[in-house]
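Below is one structure; the comments refer to it alone.
All residue numbers in this chain count up from 1 along the given sequence. For ligands, and for the atoms within them, numbers begin at 1 and follow the listed sequence.
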Amino acid sequence: HSLRNIDELCASIVRSHRETNQYRVEELQALRWKLFSREELQAYQSKSVDEMWQHCAIRLTDAVQYVVEFAKHIPGFRMLSQNDQIALLKTGSMEVVLVRMSRFFNTENNTVFFDGKFAGAEIFKSLACGDLITAVFDFAHDMCGLKLTEQQIALFSALVLINADRPCLEDRGRVQRVQRSVELGLTHILHRDNQDNLMHKLYQRMAVLRSLCSLHMEKLRWFSQRYPLTAHSLFPPLYKELFASE
Ligand SMILES: CCS(=O)(=O)c1ccc(CC(=O)Nc2ccc(-c3ccc(CC(C)C)c(C#N)c3)c(C(F)(F)F)c2)cc1
């Protein structure tokens with residue numbers, strides 16, 4: 001890997017990250033005090049469990065679609081087999097959505113951008129999975145504390161996705177080679193930003209991401225048993241394909 005290749009790799013991952021986010025950080029910053037009114041909050045909280053789950057599944061699928069686009073532009077991802085691309089997205093796309101959530105989290109009032117405004121955790125009450133929401137908010141708060149730049153978020157997101165330790169990969173060696181080039185890219189920009197110490201913190205966060213996503217899958221299994229009709233016929237197909245543990 002000559003330095004030029006690493007620079008090109010970083011540049012294409014950062015460009016892809018920029019192009020696959022519906023909002024720029026500046027836009028989200030400008031909206032940070034746009035909060036839901038009490039009436040709007042009431043409306044969300046009076047939704048039934050399955051209505052709110054369906055609403056969030058649709059939002060989540062929107063966010064995941066952008067992550068799929070992001071993955072396709074990571075150099076080396078498209079050279080992987082279709083099955084390996086799906087396997088990496090199955091386990092990594094939710095993790096990247098959660099990493100991105102730190103871009104639209106306001107630590108001053110613990111609100112997250114959702115449905116066009118900033119909302120506190122209470123808005124998700126009718127989901128009946130307070131522990132998952134608390135963990136998601138705590139993670140977003142913690143990620144904000146790292147004060148990552150857009151470039152660092154882009155490279156970290158790519159590393160979260162290209163993980164050779166994921167289950168059921170056909171050609172683990174090939175994924176390892178792509179993963180190693182992305183790791184080189186991340187260490188390169190952290191070194192350039194004089195923040196080498198961030199690397200081990202980011203690896204620690206990857207373990208937290210895995211626990212968050214298994215909690216999400218556990219809640220989804222609980223929900224699908226209680227509301228099989230909603231889960232099987234009203235959730236977006238991509239959500240089922242990626243998260244239903246079929
Ligand atoms: C990401 C690109 S961007 O342009 O920065 C952008 C693009 C869009 C948005 C708005 C947005 O989507 N925010 C949002 C906030 C919370 C949540 C959420 C809600 C419920 C749950 C639990 C449920 C799945 C059981 C979880 C979890 N885990 C997460 C979601 C979404 F439902 F989608 F997961 C979306 C914000 C920035």
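With ligand atoms numbered from 1 in the order given, ligand 1 contributes 25 (C) to contacts under 4.0 Å with heavy atoms of Trp53. Which parts of ligand 1 touch Ile133 is read off a 4.0 Å heavy-atom cut-off, strictly below it: atoms 20 (C), 21 (C), 22 (C). Of all the atoms in ligand 1, the ones that sit under 4.0 Å from a non-hydrogen atom of Val136 are 27 (C), 28 (N). In summary, the atoms of ligand 1 found under 4.0 Å from a heavy atom of Arg103, numbered by their order in the structure, are 3 (S), 5 (O).
More than 12 heavy atoms of other shown residues, nucleotides or ligands fall within 6.0 angstrom of atom CZ in Arg192. The neighbour count for Glu26 CD, taken as heavy atoms of other residues, nucleotides or ligands under 6.0 Å away, is above 12. Atom CG of Asn197 sits in a crowded spot, with more than 12 heavy atoms from other residues, nucleotides or ligands closer than 6.0 Å. More than 12 heavy atoms of other residues, nucleotides or ligands sit less than 6.0 Å from atom NZ of Lys117. Counting non-hydrogen atoms of other residues, nucleotides and ligands closer than 6.0 Å to CZ of Arg18 gives a total of 12 or fewer.
Residues Tyr23 and Phe104 place their aromatic rings such that the two centres sit no closer than 6.0 Å. The ring of Phe114 has its center closer than 6.0 angstrom to the ring center of His55.
Between Phe223 and Val49 the shortest side-chain heavy-atom distance falls below 4.5 Å. In this structure the side chain of Asn106 reaches within 4.5 angstrom of the side chain of Trp33, judged on heavy atoms.
Nearest residue to atom 34 (F) of ligand 1 from Leu60, Val96, Thr61 is Leu60 (criterion: closest heavy atom). Scanning Phe243, Tyr66, Phe104 for the heavy atom closest to atom 37 (C) of ligand 1 points to Phe104.
The nearest heavy-atom contact from the protein to atom 11 (C) of ligand 1 is Phe113 O, 3.5 Å. Annotation: atom 23 (C) of ligand 1 to nearest protein heavy atom, Leu127 CD1, 4.1 Å. Considering only non-hydrogen protein atoms, atom 7 (C) of ligand 1 sits nearest to Gln22 OE1, 3.2 Å. Shortest contact from atom 29 (C) of ligand 1 to any protein heavy atom: Met101 CE, 4.1 Å. Protein heavy atom closest to atom 6 (C) of ligand 1, with residue, atom name and distance, is Tyr23 CD1, 3.7 Å. Among all protein heavy atoms, the one lying closest to atom 1 (C) of ligand 1 is Asn21 OD1, 3.5 Å. Ranking protein heavy atoms by distance to atom 35 (C) of ligand 1, first place goes to Phe114 CD1, 3.8 Å.
Among Glu27, Glu69, Arg103, Glu150, the one residue that satisfies the side-chain hydrogen bond (donor to acceptor under 3.5 Å, both in side chains) test with Asn21 is Arg103.
Here Cys56 has heavy atoms under 4.0 Å from ligand 1 in both its backbone and its side chain. Residue contacts with ligand 1 for Asp62 are absent, since no atom lies close enough (heavy atoms, distance under 4.0 Å). When heavy-atom distances to ligand 1 are checked against a 4.0 Å cut-off, Met94 comes that close only through its side chain, counted from C-beta outward. Here Phe124 has side-chain heavy atoms under 4.0 Å from ligand 1, and that is the only part of it that gets that close.
One hydrophobic cluster, built from ILVMFWY side chains closer than 4.5 Å, cannot hold both Val64 and Ile58; they sit in different ones.
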